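Quick caveat: nothing in here was measured; it's all calculated off a predicted structure. The chain is numbered in sequence order, starting from 1.
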Amino acid sequence: MPTCPVRAKCTTSRDGARNVGFPPRELHELQLRNRAEQREPDWHKRYAVRSGIEGTICAFAHGHGMRRCRYRGQAKAHLQHVLTAIAVNVERLSRG
């Protein structure tokens with residue numbers, strides 16, 4: 001088989017072989033069902049709620065140091081979480 005004169009523009013593979021992978025039939029069918037479901041308006045409504053919750057959790061974890069607890073004991077850790085949640089709510093209210 002002759003080599004392609006412009007092969008270097010297509011691939012960086014040294015041996016010239018290309019591999020194509022196909023997922024198992026069950027996985028492929030699941031992906032198709034999920035993609036079809038994601039086109040429906042109901043899915044977008046449910047995802048909007050999830051997106052808001054994930055944003056709040058991310059703000060807690062990264063913006064307010066909730067990955068580490070300052071105190072020992074469940075009661076004190078809970079108090080830290082409650083006070084941080086109050087601070088986040090006050091911050092959000094002040095932004096309008």
Side-chain angles (χ1 to χ4, degrees):
M1 179 177 238
T3 60
C4 178
V6 289
R7 184 179 152 277
K9 292 182 180 180
C10 297
T11 182
T12 58
S13 174
R14 291 189 188 127
D15 62 3
R18 294 186 184 190
N19 295 324
V20 178
F22 295 99
R25 181 179 300 275
E26 298 83 20
L27 178 60
H28 178 67
E29 290 171 355
L30 179 63
Q31 288 174 335
L32 291 177
R33 281 196 308 268
N34 287 341
R35 289 174 185 156
E37 183 181 326
Q38 290 173 3
R39 291 188 203 105
E40 297 178 11
D42 290 340
W43 184 88
H44 285 279
K45 289 178 186 175
R46 289 192 318 267
Y47 190 78
V49 172
R50 176 182 171 171
S51 176
I53 292 169
E54 285 183 3
T56 301
I57 291 171
C58 183
F60 273 112
H62 296 287
H64 300 283
M66 292 301 290
R67 289 195 185 273
R68 303 242 184 237
C69 188
R70 294 174 178 239
Y71 309 104
R72 291 187 182 176
Q74 188 173 4
K76 291 180 183 178
H78 177 69
L79 179 63
Q80 177 188 346
H81 294 163
V82 169
L83 293 175
T84 304
I86 291 170
V88 168
N89 287 333
V90 169
E91 182 181 353
R92 286 183 174 179
L93 288 172
S94 69
R95 276 192 254 142

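- Within a 6.0 Å radius of CD in Q74, other residues, nucleotides and ligands contribute 12 heavy atoms or fewer.
- T56 is linked by a side chain to side chain donor-acceptor pair (under 3.5 Å) to R92, counting only residues two or more places apart in sequence or in another chain.
- To the nearest 0.5 Å, the span separating CD on Q38 from CZ on R33 amounts to 13.0 Å.
- Among residue pairs with one or both ends in residues 63-87, none qualify as salt bridge (Lys or Arg N to Asp or Glu O under 4.0 Å); sequence neighbours excluded.
- Remark: H78 NE2 to L83 CG distance equals 9.5 Å, nearest 0.5 Å.
- Atom CZ of R35 is separated from atom CG of L30 by 10.0 Å, given to the nearest 0.5 angstrom.
- Sorted by first and then second residue, the side chain to side chain donor-acceptor pair (under 3.5 Å) pairs involving residues 39-51 (not counting sequence neighbours) are E37-R46, R50-E54.
- Rounding to the nearest 0.5 Å places CD1 of I53 at 14.0 Å from SG of C58.
- In terms of hydrophobic clustering, with Ile, Leu, Val, Met, Phe, Trp and Tyr side chains grouped at heavy-atom distances under 4.5 Å, V82 and F60 are assigned to different clusters.
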